[in-house]
Engineer: 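Following this message is one structure expressed as C-alpha cells.
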Amino acid sequence: MQAPDIRTEVIDRVSPPDVIKATAQKLQQIGPSGRQKLLMYQLAAVPVWLSTAVGLAAKYATRPGAVFRSPDPTVFELVPPFPLEEEYITVNGIKLHTVSPGRRRDKPLMLFVHGFPELWYSWRHQMAAVHATGAWDVVAVDMRGYNTSDKPQGVEQYRLQVLASDVQQAVQALGHSSCTLVAHDWGGMVAWVVAGMYGRQLVDKLIVMGLPHAGVSMVNTTMAQRKRQLYILLFQARWLAEKYISADNAAMLDGAFRSSPAGLKNLQGTMPDEALAWYRAALCQPGAATGMLNWYRALMEFTTLSDPADPAWSAIKRQLDMPTLVLHGDSDIALGEELLDGIEAAVPDVTVKLLKNCSHWVQQDYPIQVNEIMMDWLSKQQDKQKQR
C-alpha cells in the first residue's frame, strides 16, 4: 500500500526568549502534585465513568454480545506493508515483538516507538522510506502491553522508568549501543524520559511527533488542556475502560482514526480498512486492552503520588544535548500547540515544525511530507557533524 502524497503548510515554530527563560525556571519546580490532587481527579472522573457506561449500554443495547464477548484478533485479514523481518527480544525479563523491513546490522540503528492505541505498523510509511536509503538499520518495537509483546500484570510494571529502561535494553538487544530514536504519542513521552535518563550515549538524535516535551507540557498545562484529556480519567476505570476500547472487536478505533474530531484530516488512502485491521487486531490480543491502559494508570500515579526522587522526574527536568526534531499537528485535539511554548529551555538544539490541518496522527496524515522533513533534517545533522 503506497503512501498518498498529500501536503500541507509547515510552520517553523520558535519560542520568544522571555518565554524560554520563564519556562526554564518553572521546569525545575515541577513534581508530583500529591494525594489531594489525585482525589480531585477521582471525583472529576465519576461523571466521565457514568456517561461512558450509559453510552456503551445504549450503543450495544441490542447487541450485548459485542461488549461481553472476548475480542478475537483472528477475524482480521492482515496484509503486510512490506516483507517483515520479525524478532522477539528480551528486555527486563519480558519479550518484545520487533519488526524490520530487513535488518542492516552494520548500519546505525533507527528505532521507532509507537503510541496509544497503536503498534509498529503506525510507522510503516517511515520505515519503508528510511530503509530504502540503505543507510540505517530500521526497527520498530511493539512496547510492553501492546500487540504480541508481553503484557506483565500490575500497574507498577508500566511506570515511566520501566518503559524507558525497556527502550535502553531494546537498543542493546538489537545489537547496538545507541540509536536515532523516533517516537509518537506515548512513545514520545517515553522517548523524552529515555533521552533524559540515558543522554546522548544512548540517543544520538531524537525525533518526536505528537507529544511536546513532557516537562515543558506540565509547565504549560491549562484548564483547557485538562479538558482535552478527560479520556485519561476514563482510562483509570478498571473493566469499564477495557470494555470501552475493546467492545465489538475494538470498533472504537474506527472513530479514533477516521471520524471527526479525533481522526485523520486526510483519510484518502491513509487509513483504509486494511490498515485499520492491524490496529484492531493488536488491541484484540489477549490482555492488550489492560496492558495499554495500564500506561495511563501508572502515569496518574506518577504525576500525583510518586517519589520526587523518581529518575523519570529528573529526566524530564534535565536539559537535553542531542539534536531533536519535533513535529506537531495544529489540529491535535488531545495536545494543544501551546504545550510547545518554551521547549527550547529543555531542548536547546531543537527544530519544531507545526503542520497545518494536521491531526494527532502526524506521520499518517502526511506520510510522504513527514518522511521528507525527517530525511532533510537528518541530512542537515550529518552535514553539521562533518563540519565539526
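Start at 1 with the first residue, then count along the sequence.
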Engineer: Is it true that Glu87 and Arg103 make a salt bridge, defined as a side-chain N closer than 4.0 Å to a carboxylate O?
Structural biologist: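 Salt bridge flag = yes for Arg103 with Glu87.
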
Engineer: Evaluate side-chain contact (heavy atoms from CB on, under 4.5 Å) for Trp120 paired with Met127, printing each intermediate quantity in order.
Structural biologist: CA-CA 10 Å; Trp120 69 266; Met127 293 172 71; 4.2 Å; yes

Engineer: Sub-3.5 Å donor-acceptor pair from the side chain of Asn220 to the main-chain atoms of Leu339, do we have one?
Structural biologist: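 Here the side-chain-to-backbone pair exists.
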
Engineer: Asp254 and Phe257: side-chain contact (heavy atoms from CB on, under 4.5 Å), yes or no, with the steps?
Structural biologist: CA-CA 6 Å; Asp254 186 84; Phe257 286 113; over 6 Å; no

Engineer: Once rounded to the nearest 0.5 Å, what's the spacing between atom CD of Gln36 and atom CG of Leu38?
Structural biologist: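 Gln36 atom CD to Leu38 atom CG measures 11.0 Å (nearest 0.5 Å).
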
Engineer: Under 30°, 30 to 60°, or over 60°: which ring-plane class applies to His184 and His360, parallel, tilted or perpendicular?
Structural biologist: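 Ring orientation of His184 relative to His360: tilted.
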
Engineer: Do Gln381 and Met322 have side-chain heavy atoms sitting under 4.5 Å apart?
Structural biologist: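 Contact flag for Gln381/Met322 side chains = no.
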
Engineer: Examine Leu230 and Tyr41 and state if one hydrophobic cluster contains both, with Ile, Leu, Val, Met, Phe, Trp and Tyr joined whenever side-chain heavy atoms are less than 4.5 Å apart.
Structural biologist: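 As far as the 4.5 Å side-chain criterion goes, Tyr41 and Leu230 are connected within one cluster.
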
Engineer: Just checking Tyr121 against Phe112, ring centres under 6.0 Å apart?
Structural biologist: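 No, ring centres 6.0 Å or more apart.
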
Engineer: Would you sort out whether Gln169 and Asn92 count as a side-chain hydrogen bond (donor to acceptor under 3.5 Å, both in side chains), showing the intermediate values?
Structural biologist: CA-CA 7 Å; Gln169 292 194 23; Asn92 289 316; 2.6 Å; yes

Engineer: Evaluate Asp204 against Ser178 for side-chain hydrogen bond (donor to acceptor under 3.5 Å, both in side chains), listing each step before the verdict.
Structural biologist: CA-CA 6 Å; Asp204 302 316; Ser178 64; 3.0 Å; yes

Engineer: Distance-only, no hydrogens or angles: does the Asp332 side chain make a donor-acceptor pair with backbone N or O of Ala334 under 3.5 Å?
Structural biologist: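 Yes, the answer is positive, given that a donor and an acceptor are paired below the 3.5 Å cut-off.
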
Engineer: Counting C-beta onward and ignoring hydrogens, is there a side-chain heavy-atom pair between Lys356 and Val10 closer than 4.5 Å?
Structural biologist: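 Result no, sub-4.5 Å side-chain heavy-atom pair not found.
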
Engineer: Using the ring of each side chain (for Trp, its six-membered ring), is Tyr146 parallel, tilted or perpendicular to His114, with breaks at 30° and 60°?
Structural biologist: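 Ring orientation, 0 to 90° scale: perpendicular.
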
Engineer: How close do Ala288 and Leu283 get, counting heavy atoms only, and between which atoms?
Structural biologist: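 Looks like CB-O, 3.6 Å.
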
Engineer: In terms of side-chain geometry, is the basic nitrogen of Glu372 or Arg7 positioned less than 4.0 Å from the acidic oxygen of its partner?
Structural biologist: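 Looking at Glu372 and Arg7, the cut-off is met.
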
Engineer: Can a donor-acceptor pair be found, under 3.5 Å and without considering hydrogens, that links the side chain of Thr222 to the backbone of Gln225?
Structural biologist: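 At least one qualifying donor-acceptor pair exists.
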
Engineer: Before you tell me yes or no, could you show the steps for Gln157 and Gln153 under side-chain hydrogen bond (donor to acceptor under 3.5 Å, both in side chains), namely the whole-Å CA-CA distance, both residues' side-chain angles and the distance that decides it to 0.1 Å?
Structural biologist: CA-CA 7 Å; Gln157 295 289 329; Gln153 295 184 356; over 6 Å; no

Engineer: So, Phe116 versus Trp295, ring centres under 6.0 angstrom or not?
Structural biologist: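 Distance test on ring centres: not under 6.0 Å, no.
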
Engineer: Is there a salt bridge (charged side-chain N to carboxylate O under 4.0 Å, His left out) between Glu77 and Arg280 once you walk through the steps?
Structural biologist: CA-CA 11 Å; Glu77 182 179 354; Arg280 294 182 68 178; over 6 Å; no

Engineer: Scan side-chain atoms only and decide if His97 and Glu86 contain a donor-acceptor pair under the 3.5 Å cut-off.
Structural biologist: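 Yes, side-chain donor-acceptor contact under 3.5 Å.
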
Engineer: Is Asp150 reaching over with its side chain to a backbone N or O of Lys95, donor-acceptor style, under 3.5 angstrom?
Structural biologist: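 Checked: pair present.
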
Engineer: Is Tyr198 reachable from Val113 through a run of hydrophobic residues whose side-chain heavy atoms are each under 4.5 Å from the next?
Structural biologist: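 Both belong to a single hydrophobic cluster.
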
Engineer: Just how far is it from atom CG of Leu253 to atom CD1 of Ile245, taken to the nearest 0.5 Å?
Structural biologist: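 It comes to 8.0 Å.
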
Engineer: Say whether, by atom type as modelled, one donor and one acceptor occur between the side chain of Ser149 and the main chain of Gly145 under 3.5 angstrom.
Structural biologist: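 Flag not set: sc Ser149 to bb Gly145 has no pair under 3.5 Å.
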
Engineer: Evaluate Thr303 against Met218 for side-chain contact (heavy atoms from CB on, under 4.5 Å), listing each step before the verdict.
Structural biologist: CA-CA 10 Å; Thr303 58; Met218 293 181 186; 4.3 Å; yes

Engineer: Using only atom types and a distance under 3.5 Å, with no angle test, would you say the side chain of Gln369 pairs donor to acceptor with the backbone of Thr8?
Structural biologist: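 Such a contact is found between Gln369 side chain and Thr8 backbone.
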
Engineer: Under a 4.0 Å threshold between the charged nitrogen and the carboxylate oxygen, would Asp341 count as salt-bridged to Arg13?
Structural biologist: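 Looking at Arg13 and Asp341, the cut-off is met.
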
Engineer: Can you find a heavy atom in the side chain of Trp313 that is under 4.5 Å from one in the side chain of Ser306?
Structural biologist: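 Result yes, sub-4.5 Å side-chain heavy-atom pair found.
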
Engineer: Yes or no on side-chain hydrogen bond (donor to acceptor under 3.5 Å, both in side chains) for His176 and Asp137, after CA distance, side-chain angles and deciding distance?
Structural biologist: CA-CA 10 Å; His176 294 270; Asp137 186 14; 2.8 Å; yes

Engineer: Under a 4.0 Å threshold between the charged nitrogen and the carboxylate oxygen, would Asp248 count as salt-bridged to Arg63?
Structural biologist: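 Asp248 and Arg63: salt-bridged.
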
Engineer: For Leu111, which of Thr180, Leu174, Val182 qualifies under side-chain contact (heavy atoms from CB on, under 4.5 Å)?
Structural biologist: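 The option that passes is Leu174.
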
Engineer: Measure the spacing between CH2 of Trp192 and CZ of Arg318 and express it to the nearest 0.5 Å.
Structural biologist: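 Going from CH2 on Trp192 over to CZ on Arg318, the span is 14.5 Å.
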
Engineer: Any sub-3.5 Å donor-acceptor pair from Gln28's side-chain atoms to Lys317's backbone N or O?
Structural biologist: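 A pair under 3.5 Å: yes.
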
Engineer: How about Leu233 and Met300: do any of their side-chain heavy atoms sit closer than 4.5 Å?
Structural biologist: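 When only atoms from C-beta onward are counted, Met300 and Leu233 do touch, with a gap below 4.5 Å.
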
Engineer: Taking atom types as modelled and ignoring hydrogens, do the side chains of Tyr88 and Thr148 form a donor-acceptor contact shorter than 3.5 angstrom?
Structural biologist: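 Yes, because at least one side-chain N or O of Tyr88 sits under 3.5 Å from a partner of the opposite role on Thr148.
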
Engineer: Determine, for Lys380 against Asp376, whether the closest basic-nitrogen to carboxylate-oxygen distance falls under 4.0 angstrom.
Structural biologist: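 Result for this pair is yes, salt bridge flagged.
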
Engineer: With ring-ring contact (aromatic ring centres under 6.0 Å, His included) as the test, would you mind laying out the steps for Tyr158 and Phe302 before giving the verdict?
Structural biologist: CA-CA 10 Å; Tyr158 299 85; Phe302 172 74; over 10 Å; no

Engineer: Step by step, work out the salt bridge (charged side-chain N to carboxylate O under 4.0 Å, His left out) result for Glu338 and Arg228.
Structural biologist: CA-CA 13 Å; Glu338 68 275 6; Arg228 290 190 188 106; 2.8 Å; yes

Engineer: Decide yes or no for Leu355 and Asp330: does some side-chain heavy atom of the first lie under 4.5 Å from some side-chain heavy atom of the second?
Structural biologist: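 Of all side-chain heavy-atom pairs linking Asp330 with Leu355, none is under 4.5 Å.
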
Engineer: Are Trp278 and Phe76 an aromatic pair by the rule of ring centers under 6.0 Å?
Structural biologist: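 No, the ring of Trp278 stays outside the 6.0 Å limit from the ring of Phe76, centre to centre.
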
Engineer: With rounding to the nearest 0.5 Å, note down the distance linking CD in Glu156 to CD in Gln161.
Structural biologist: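 Between Glu156 CD and Gln161 CD, I get 13.0 Å after rounding to 0.5 Å.
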
Engineer: For the pair Arg297 and Glu242, find out whether any cationic side-chain nitrogen is under 4.0 Å from an anionic carboxylate oxygen.
Structural biologist: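 Salt bridge flag = yes for Glu242 with Arg297.
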
Engineer: Between CD of Gln126 and CG of Asn371, what distance do you get to the nearest 0.5 Å?
Structural biologist: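 Output value for this atom pair is 4.5 Å.
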
Engineer: Kindly indicate whether the side chain of Gln364, heavy atoms from C-beta on, has any atom under 4.5 Å from the side chain of Ser122.
Structural biologist: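 Yes, close enough: below the 4.5 Å cut-off.
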
Engineer: Can you tell me if Lys26 has over 12 outside heavy atoms packed within less than 6.0 Å of its NZ?
Structural biologist: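 No, NZ of Lys26 has 12 or fewer neighbouring heavy atoms, counting only those of other groups under 6.0 Å.
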
Engineer: Can Ile11 be reached from Ile343 by stepping across I, L, V, M, F, W or Y side chains whose heavy atoms are under 4.5 Å apart?
Structural biologist: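 In one cluster with Ile343: Ile11, no.
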
Engineer: Take atom OH of Tyr244 as the centre, draw a 6.0 Å sphere, and report whether it contains more than 12 heavy atoms from other residues, nucleotides or ligands.
Structural biologist: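 Result for OH/Tyr244: open.
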
Engineer: Does Arg144 pair with Asp166 as a salt bridge, N-O distance under 4.0 Å?
Structural biologist: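 Salt bridge between Arg144 and Asp166, a charged N being under 4.0 Å from a carboxylate O: yes.
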
Engineer: Is there a path from Trp239 to Tyr60 through hydrophobic residues (I, L, V, M, F, W, Y) whose side chains come within less than 4.5 Å of each other?
Structural biologist: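 Both belong to a single hydrophobic cluster.
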
Engineer: Answer yes or no: is there a side-chain heavy-atom contact under 4.5 Å between Val75 and Asn249?
Structural biologist: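 Heavy-atom side-chain distance check passes, below 4.5 Å.
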
Engineer: Please report the interatomic distance CD(Gln236) to CG(Asn294), rounded to the nearest 0.5 Å.
Structural biologist: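 CG of Asn294 is found 9.5 Å from CD of Gln236.
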
Engineer: Do Val352 and Asp12 touch side chain to side chain, with heavy atoms closer than 4.5 Å?
Structural biologist: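 Side chain of Val352 against side chain of Asp12, heavy atoms only: no contact under 4.5 Å found.
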
